[in-house]
Number of protein chains: 4
Amino acid sequence: MNESVDLAVEGESPRGRLLREAAHLFREKGYERTTVRDIAAAVGIQSGSIFHHFRSKEDILYYIMVDTIEEITARMEAELARSTDPVERLRSLIFCELQAVNGQTSEAMAVLVYEWRSLAKERQEQVLKLRDYYEHLWLSVLQECAAAGQIAVDPGILRRLLAGALSWTVTWYRTDGSASLEDLASQALALAVKR
Amino acid sequence: MNESVDLAVEGESPRGRLLREAAHLFREKGYERTTVRDIAAAVGIQSGSIFHHFRSKEDILYYIMVDTIEEITARMEAELARSTDPVERLRSLIFCELQAVNGQTSEAMAVLVYEWRSLAKERQEQVLKLRDYYEHLWLSVLQECAAAGQIAVDPGILRRLLAGALSWTVTWYRTDGSASLEDLASQALALAVKR
Amino acid sequence: MNESVDLAVEGESPRGRLLREAAHLFREKGYERTTVRDIAAAVGIQSGSIFHHFRSKEDILYYIMVDTIEEITARMEAELARSTDPVERLRSLIFCELQAVNGQTSEAMAVLVYEWRSLAKERQEQVLKLRDYYEHLWLSVLQECAAAGQIAVDPGILRRLLAGALSWTVTWYRTDGSASLEDLASQALALAVKR
Amino acid sequence: MNESVDLAVEGESPRGRLLREAAHLFREKGYERTTVRDIAAAVGIQSGSIFHHFRSKEDILYYIMVDTIEEITARMEAELARSTDPVERLRSLIFCELQAVNGQTSEAMAVLVYEWRSLAKERQEQVLKLRDYYEHLWLSVLQECAAAGQIAVDPGILRRLLAGALSWTVTWYRTDGSASLEDLASQALALAVKR
DNA sequence: GATGAATGAGAGTTCATTCAT
DNA sequence: GATGAATGAACTCTCATTCAT
């Protein structure tokens, strides 16, 4: 039970619907303020039935996080494989992260950032391992850019400034606005690389 | 009761200690996971006594937010008054925000960002009014910079990218690290303004 | 369905295995703390399948008790038929009860004693009828002994003191100990009959 | 909180009433079938209030056991101090145990015997320590009797047979019956000692 | 102002039982 | 007969809040 599976792919399985509705509610009301009865109602089952799919409420949170990180990481690796130009690869990362933060996984991403403390210590570490690999991808590309003389700021600090700037977009960027995600990515890229 | 007063100034009043300890706990464990008994224990009183100072637990959260915004805004206005050069004024804003996010008010600032949803709708609006004024200060200065041809990105978008980048520093910047807040402000400024 | 059948004889029928494993678990953890899933797992089937054999969890408890009493009673009657000497017949009863309490039916006997309250009132009465017959056998023999001047205590009270002493052996007697059940029966007989 | 105090002495304290009513219910319906709401209703408080007095439902069970053992042990030691004659001291022990099992502490004693498995392993051991001391008192006196040539059976086995016989009286002895506890003690003593 | 026992609604979780396959 | 997902009532326990002292 509960093997990690791509959130989008498993689509209409009960497990998938549960994770999706839970992510929506966790994002909207916060993990603590969301009751298992809320989740059950959103999925259209009884509260007790939740526990056939997940051992505990925290389990749901955990698998939202794990599934999401794994999905994003896979997408990012696929995108990176398409170019060898450092700046273009950086653009890919920025665009992927903007997509992750503002696209279909946006709610799960928000949960990943905002509900961190609701996870037991032990599980935080397991998620951290996945995150470390993800961050390693970013650092590699930024170091390529630095080696190519394309960025002026220390790669470690730049990654962090970008991480904040990009994840924060979830609080203000709306798809129906004037700027597309591609435009936004370009503007963010402009902050990062020299002329 | 409960008139908003500067968090730092009121120092050792019971109200001030309560707000400070509560902010610390809210930041550490989250608002929902912090019990009034936790707060009472941290201050050294009994749980029932809390309600002589605040009408409810949510009240505590509310006044942490209000006091903090007002304090930061005041400090920012004082700093802005010291120069008329747009770029220097922008540096002041960046530095003030970094200080707010990483200095003594850091825990209260984190609460302001992370515990937003735990506030009742009505009170969210009241805090938003204070925030709007604060954001208005930022936009004015960024527009000055734009008028002076110092920035390449749209002021509205730039403010948001910066807001994310700066507030995110709380997750990684440590005072005991190599870079001072002044250095960090310079690096952030470098992202924002042209050469 | 559910006609009472000798627990030992029905050996490997699903019903028999179910009763045996259930008795083991009820004894070990108590009726309430044992879940039907525990029982199903012990037998190697799924929880839902239990209900093809027994109408309810309580049914299982009931048939453990009924089967056990009937089996013990039958064994005791067979043993009594072998002698006409009152003291020897008393020794038979004592030995049979020690066997019941400490032998293969020991777990079922413990369930009979300890899980009494978990049975619905109505069913308690049905089991009581079987028990009354069993106790009637004891009283007859003790009255024979009294008539023969072999016991000094009132038969009714003596039976009860013996019942307690013998059933309590389950809490301390171990087959691998020094004393055999025959020895133990002799010691108990020594308490009951005059020199 | 929860220091062990004599059940009878603390009489009308909330804690004492809680323990008494809980013992009554645990005895009547069993620990598992008794809900904290049952206990609260019996005491006349709300279910949540229970947890101001005891950390958990199991805590209640634990303190019923501890308080009871300590009370009985104390009473027994006082009684033993009154004579040096081994047989009279044995009569005291038998009488005390009969009183414990059938008197005011009878329900708590039954709980002690029947609800053992509902206690967590760790706590079982703590109660066992108290019980070991209690049993040590019994063994000492039985060894005195053996040394004086008054008993024919091994003290260790005799204690166990007596323990079963005496505790079992709770299932059948009624105060309003013909025999007094003193009579019953004499009959039990007659089983134990020669002539 | 401070206390802390009491409240009572509501939380997460369990589990005997059902039933479509 | 067997399965196992689903049910839904009931459980223990939590906690913000009240109030008599």
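Just so it is clear, the values below take in all heavy atoms, side chains as well, and ignore hydrogens, waters and symmetry mates. Note on naming: letters A, B, ... go to the chains in the order of the sequence lines (proteins, then strands), and numbering restarts at 1 for each one. From a predicted model like this one, the values you see are computed outputs, not experimental measurements.
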In dot-bracket notation, what is the pairing pattern of DNA chain F, taking Watson-Crick (N1-N3 plus N6-O4 or O6-N4) and G-U wobble (N1-O2 and O6-N3) contacts under 3.5 Å, with [ ] crossing and | for other strands?
-> .||||||||||||||||||||

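Between Asp59(D) atom CG and dT12(F) atom P the separation is 14 Å, expressed in whole Å. For the pair Arg17(C) CZ and dA2(F) P, the computed distance is 11 Å after rounding to whole Å. Rounded to an integer number of Å, the gap from CG of Leu61(D) to P of dT12(F) is 13 Å. Distance Ile50(D) CD1 to dA9(E) P: 17 Å, rounded to the nearest Å. Atom P of nucleotide dT14(F) and atom CG of Asp38(B) are separated by 13 Å, given to the nearest angstrom.
For Thr35(D), the side-chain hydrogen bond (donor to acceptor under 3.5 Å, both in side chains) partners at least two apart in sequence or on another chain are Asp38(D). For Glu107(B), the side-chain contact (heavy atoms from CB on, under 4.5 Å) partners are His24(B), Arg27(B), not counting sequence neighbours. Residues passing the side-chain hydrogen bond (donor to acceptor under 3.5 Å, both in side chains) test with Gln46(B), sequence neighbours excluded: none. Residues satisfying the side-chain contact (heavy atoms from CB on, under 4.5 Å) criterion with Ala120(C), sequence neighbours excluded, are Glu58(C). Remark: Leu18(D) pairs with Ile39(D), Val43(D), Ile50(D), His53(D), Phe54(D) by the side-chain contact (heavy atoms from CB on, under 4.5 Å) rule, at least two apart or across chains. Looking at residues two or more places apart in sequence or on another chain, you find no side-chain hydrogen bond (donor to acceptor under 3.5 Å, both in side chains) involving Arg37(B).
OP1 or OP2 of dG8(E) has at least one side-chain nitrogen or oxygen of Gln46(D) nearer than 4.0 Å.
Judged by a 6.0 Å distance limit and a 45° cone about the ring axis, Arg33(C) is not positioned over the six-membered ring of Phe26(C).
Backbone-only engagement by Ile45(B) is indicated by non-hydrogen atom pairs under 4.0 Å involving sugar-phosphate atoms exclusively.
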With sugar-phosphate taken as primed atoms, P, OP1 and OP2 and all else as base, the protein-contact string of nucleotides 13-21 of chain E at under 4.0 Å (heavy atoms; B, S, -) is BBSBBB---

Sequence neighbours excluded and cut-off under 3.5 Å, please list the side-chain donor-acceptor pairs for residues 109-116 of chain C, or say none.
unit_1, atom_1, unit_2, atom_2, d
Glu115(C), OE2, Tyr31(C), N, 3.3
Glu115(C), OE2, Arg117(D), NH2, 3.0

